2 protein chains.
Amino acid sequence: MSTPTALPKTKRGVERRAQILSAAETVIGEKGFTAASIADITREAGTAQGTFYIYFASKEEIFRELVLEMGRITRTIVTRAVSEASDRLQAEQDGLRAFLRFVAKRPSLYQIVEEARFVDPDAYRAYFTSFAKAYESQLAAAAAAGELRPGDAEIRAWALMGMAKTLGERFVIWEAEPDIDRVVDEAFALIRTGLEP
Amino acid sequence: MSTPTALPKTKRGVERRAQILSAAETVIGEKGFTAASIADITREAGTAQGTFYIYFASKEEIFRELVLEMGRITRTIVTRAVSEASDRLQAEQDGLRAFLRFVAKRPSLYQIVEEARFVDPDAYRAYFTSFAKAYESQLAAAAAAGELRPGDAEIRAWALMGMAKTLGERFVIWEAEPDIDRVVDEAFALIRTGLEP
DNA sequence: ATGAAACATGAATCATTATTCATGTGTCAT
DNA sequence: ATGACACATGAATAATGATTCATGTTTCAT
């Protein structure tokens, strides 16, 4: 059922596992978890169906793996983008842009994280909570340093994450030719100075 | 397959249909679309399985119905809350509060709309797009009237919707005893004046 | 070079569930 | 009050697709 499958021990095994994982990203990202069958995944990977179960205990397990991968990548990308900023407001703008570019590049992983809400709620929560924790402490530090207007860092973190998520969906995923810079500029203006005239 | 089922013609029929719809909201809201079986739904409704197909052509059809219902209710609730506001900023605050209260009251419908992204993407898009259209025109009018700082109304609408959605999930759905007023106050402060000191 | 451990295969199994249907019972316009 | 239509039943059907397994083939430490 959920015996955590051991990692492969040969070079070939490592490659096969990666092939299958990548195929799963493609297929599940396109068709969704339920519609994507193991047969679809192994066909995409170019292996027999049984091979799947050498590397993953279940369809759920490979899915969780994809969510974890997505978490690692997103955090890395955003952290790197933000680390070069001179102040916190600049970091907000850079982070948003990096995130939206990532969504444009890997829309499938974006889809997968959202579907995790239903397929693997714990993984979903962990993904956002771990992101939010880091985000929150950055915001709190910046506010304490007077770089931001005072305010609740936790609520801000989630509000800003939600904004980014939905902008990514609407203006990147749904758009044939996303204009990321325009979205970043407008959204950042809102984040920076608000709606009040 | 998808012959749109005719509406019931007797009083009993109308009641049964409503029973089944309500049971579906409960069961699908709790277990999710895939895990919720027709048997679960009819058991909850207290009818035989076959009865389901007198009123709905398929599991997908009843799901779409629930998404549409959610759309009607959300629009009604938010529109009503907003219509009493004296200015647009006040409307933002009132609308957010009304939305979060609704989420607290009907978490199942909230879940269902999010799952529509995978089960019925058209319905999902229609839900948010129709909401966004109205929201956008309100924001545009308010900006033109000088009640808001100038800015792109479409991007603003989606950014604010995204914020509300995620705050609802994190601070209402995930929280045993949501403190909606606190969330509204903090989020509104962000919306009003932004992060800049 | 070689054999034990790893890996690969794909057809068969097995469980789950949406949907149908043949046979009733209830409703309500006349 | 009654018959035509609407509704109700739940067991049978049928499709789907995850998982297993018996039988090979490949790898690599020795």
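Here the structure is a predicted model, which means the values were calculated and not measured. Chain letters run A, B, ... following the sequence lines, proteins first, then strands; residues in each count from 1.
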Specify the separation, in whole Å, of atom [atom1] of [X] and atom [atom2] of [N].
X     : N      : atom1 : atom2 : value
B:F56 : C:dT20 : CZ    : P     : 15 Å
B:K11 : C:dA29 : NZ    : C1'   : 16 Å
B:D40 : C:dA18 : CG    : P     : 8 Å
B:K59 : C:dT20 : NZ    : P     : 15 Å
A:E61 : D:dA18 : CD    : P     : 15 Å
B:R43 : C:dA18 : CZ    : P     : 11 Å

### Query
How about A:R80: does its CZ atom have over 12 heavy atoms from other parts shown lying under 6.0 Å from it?
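Counting neighbours around CZ of A:R80, 12 or fewer heavy atoms of other residues, nucleotides or ligands fall under 6.0 Å, so no.
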Do [X] and [Y] come close enough that some side-chain heavy atom pair is under 4.5 Å?
X      : Y      : value
B:V113 : B:T74  : no
B:I28  : B:F63  : yes
A:R170 : B:E154 : yes
A:I20  : A:T51  : yes

### Query
So, A:E25 and A:S108: side-chain donor and acceptor under 3.5 Å apart, yes or no?
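Result is yes, a qualifying pair exists.
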### C:dT20 phosphate, OP1 or OP2, under 4.0 Å from B:Y53 side-chain N/O
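Answer no for this pair, as no side-chain N or O of B:Y53 is under 4.0 Å from OP1 or OP2.
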### Query
Nucleotide by nucleotide, 5' to 3', does protein get under 4.0 Å of the base (B), only the sugar-phosphate (S), or neither (-) in nucleotides 6-15 of chain C, counting heavy atoms?
SSBBB-----
